[in-house]
Amino acid sequence: MTEPVRQKNWDFALTVITVALLGTLGVQSFIGTLYVWWATTAIPGFEISGYGQFVWWMNAIAAPQVVALVVVMGLCVPKRLFDRTALVVVSGAMIAIGMAAWAFTGSFQNGLAVYLALAALIQAGVVVLTVAGARGPSYMTEGRLVKTGSGLLHQGFIGFAFVVVALQRSAFMLPAFWIATALTLLGTVLAFYADRFAWRKTVRVEVDRSFADEQ
Amino acid sequence: MNPALVQAEIAQLIQTLSTIGAPLQALLPAAAVLLVALAVVPAWRPFLGPAVAASAFVLLLGEIVLVWFHWRLYDLAVVVSPDTGRIVGRVAVPLWVESEKLYVWALALALMAVLIRRHRQELLPGVTVILAVLMAGAALWGKPFTEPLPSFLGQYLGYLQAMASGDPARMFAAYQGMEGARQFYYNTVYMWVHPPALFFAYATFAISFVATLVMMRERHSAYETTSYRWARLGYLPLTAGMLLGFPWAIIAWQGESWWWSGKVNMSIMMWILYTALLHARLYLRRKGMWRWVAAISILAFLVLLLTYLATYIVPGAHSYM
């Protein structure tokens, strides 16, 4: 069902893109923070007259990066289930459906929400298959509980992104937020401490090694 | 409520706290100097463990005094509606605000330092130096016993004066400010979960940082595992604490562009870096990857320090400036 080597390269590529996007957002935030720090002392009345414009610029610069981040996060989901060809088709379909929702409703936010909803649906499938012990989902980690934890915490993050994108002014905001938070935290606990909860203990071989020879 | 009487009782309470806590506060910088000496001089290292345990004990004693102070303050700090003259509630000031933040961080780190088992000998000197800095900072900068809660007490005493003035407009304005702070800041459940979760995480990350430094010196993966174990212990409360900040921010900072506040920005960067750290170590088997893991770990801790300081130096929604 999957091609391990290609899968790992795809995994690595997505990780690099995610890190790059987070890095550029981080740099923007840092520069923005420094600018506010400087502007409040150097520009008289900045907080009243200049801060609004600063926020506008920061939002405008961050928006495409955040959208790209959401899209990459969505693309991380089907990689667990599909081989390379199907992966391209499914990922393309997710983006296409999201864009269709954008065009149909005239709201970019709705397009992103639909895209995230699709990602959440696929991730739910990944979690169910993982819990059932199916061979399909591929992970970088070992052990069913660890994989379930990883699946749940990513489900939680997708849920949180959905809350931010689609539910901030909805009555469902808090319930959805709490569900996403619970999934994230439960998933984190399982991913980190699965060996403490496992019924059948597996002996993890952690080979200590020296880094001295590695340049 | 008799505002003058409440004010006098609070003044008496602060005086008592100062009398009990001042010697303790003076002891902390001296203990910090001693701890650094024990950590730096190899021949004195055998005394380091007991000295750290003694410091944890002293900090714990001080925390008990602070708990007593806050408990008494809770009894006194009532908020009364100027319309009805009835008590609408009491202000429950948490133990991790204003002058007590560094103290709580130092206490958490001291208790964890006592509990370190894996690579204890290697980690303890570095952890002790960070602990000493926090203890000195808590005593010299925070001054939780001699200058407690300056912002809260300033606001509350101002509220009492307004209530005693008899001027309805002044009374109502002071009441609105105090009741808002009570509901959305001091007494909210988020305030009682978000900061302590983060201070717990900060303490674990300090130990993870020291383990990374030891890994760089020894160039061995066993120390990376130790660093990872402390980082993952902190990642859970960090994530929980930051997630819980989201609905709180939406409620408390309605209408504000809080997401570009310096403190919020730095916090998100810190979380991203610790997320990156926990993911990067999955590729540790790749040649030379340990350098990236070490670099991310060090950068994450530096950003953690900046995140803490951002509250005091960068203006914005999440700022004490």
Side-chain angles (χ1 to χ4, degrees), chain A residues 8 11-12 15 18-19 21-23 25-37 39-41 46-47 51-52 54-59 62 140-141 153 156-157 160 163-164 168-169 173-174 177-178 180-182 184-185 188-189 191-193 206-215, chain B residues 215-216 218-225 228-229 231-233 235-237 239-240 243-244 246-247 250-251 256-257 259-266 268-273 275-276 278-280 282-291 293-294 296 299 303 306 310 313-316 319 321:
Chain A
K8 279 185 180 174
D11 245 0
F12 191 65
T15 305
T18 307
V19 168
L21 283 167
L22 292 174
L25 270 170
V27 169
Q28 187 198 336
S29 303
F30 191 62
I31 292 170
T33 303
L34 287 180
Y35 174 73
V36 172
W37 186 20
T40 39
T41 51
F46 169 77
E47 284 180 71
Y51 193 74
F54 161 77
V55 169
W56 188 90
W57 273 107
M58 289 294 275
N59 284 343
M140 291 190 69
T141 46
L153 83 88
F157 283 138
F160 181 69
V163 168
V164 174
Q168 280 203 49
R169 288 174 185 82
M173 193 277 269
L174 269 183
F177 166 79
W178 286 117
T181 300
T184 305
L185 298 183
T188 308
V189 170
F192 287 165
Y193 300 104
E206 231 172 49
V207 184
D208 284 339
R209 71 180 209 280
S210 170
F211 298 133
D213 301 330
E214 292 183 25
Q215 291 309 309
Chain B
M215 172 186 86
M216 290 173 71
E218 302 295 331
R219 297 197 170 195
H220 201 279
S221 68
Y223 299 104
E224 192 282 328
T225 305
Y228 160 69
R229 287 184 183 180
R232 77 176 178 186
L233 184 64
Y235 187 77
L236 186 65
T239 306
L243 281 172
L244 288 174
F246 175 72
I250 285 183
I251 296 164
E256 285 188 59
S257 304
W259 52 91
W260 289 124
S261 142
K263 172 77 169 183
V264 174
N265 273 201
M266 297 302 287
I268 292 171
M269 281 169 68
M270 174 180 63
W271 182 84
I272 286 168
L273 282 165
T275 305
L278 295 174
H279 281 80
L282 292 172
Y283 301 97
L284 202 62
R285 285 180 186 173
R286 287 179 183 235
K287 199 174 175 185
M289 193 66 192
W290 70 276
R291 288 177 192 277
V293 172
I296 295 171
L299 186 63
V303 170
L306 286 176
I313 55 178
V314 185
S319 172
M321 285 184 75

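Per chain, numbering begins at 1; letters A, B, ... match sequence-line order. All values below were derived from every heavy atom in this structure, side-chain atoms included, with hydrogens, water molecules and symmetry-related copies excluded.
Here the CD1 atom belonging to I31(A) is positioned 11.5 Å from the CG atom belonging to N265(B), to the nearest 0.5 angstrom. Atoms CZ and OG1, from F160(A) and T239(B) in turn, are 11.0 Å apart once rounded to the nearest 0.5 Å. Atom CE of M269(B) is separated from atom CG of L25(A) by 10.0 Å, given to the nearest 0.5 angstrom. Note that CG of L244(B) and CZ of F177(A) are 5.5 Å apart. Values are rounded to the nearest 0.5 Å. Interatomic distance, CG of L243(B) versus CG of L185(A), reported as 6.5 Å (0.5 Å rounding).
The environment of CE in M173(A) is crowded: more than 12 heavy-atom neighbours from other residues, nucleotides or ligands sit within 6.0 Å. The number of heavy atoms from other shown groups lying within 6.0 Å of CZ (F30(A)) does not exceed 12.
Of all heavy-atom pairs between L278(B) and F192(A), the closest is CD1-CZ, 3.4 Å. Considering every non-hydrogen atom in both V163(A) and F246(B), the closest pair reads CG1-CE2, 4.0 Å. W260(B) approaches Y51(A) most closely through the heavy-atom pair O-OH, 3.7 Å.
Scanning for side chain to side chain donor-acceptor pair (under 3.5 Å) contacts around T188(A) gives an empty result, with sequence neighbours left out. With sequence neighbours left out, S29(A) forms a side chain to side chain donor-acceptor pair (under 3.5 Å) with no residue at all.
With a 4.5 Å cut-off on non-hydrogen atoms, I268(B) does not touch chain A at all. For T184(A), the part lying near chain B is the side chain, with the backbone staying farther off; criterion is any non-hydrogen pair under 4.5 Å. Using a 4.5 Å cut-off between heavy atoms, L174(A) touches chain B through its side chain atoms alone. When heavy atoms are compared at a cutoff of 4.5 Å, I272(B) approaches chain A solely by way of its side chain, counted from C-beta outward. At a 4.5 Å heavy-atom cutoff, Y35(A) makes no contact with chain B through either its backbone or its side chain.
The shortest distance between side-chain heavy atoms of W271(B) and L22(A) does not fall below 4.5 Å.
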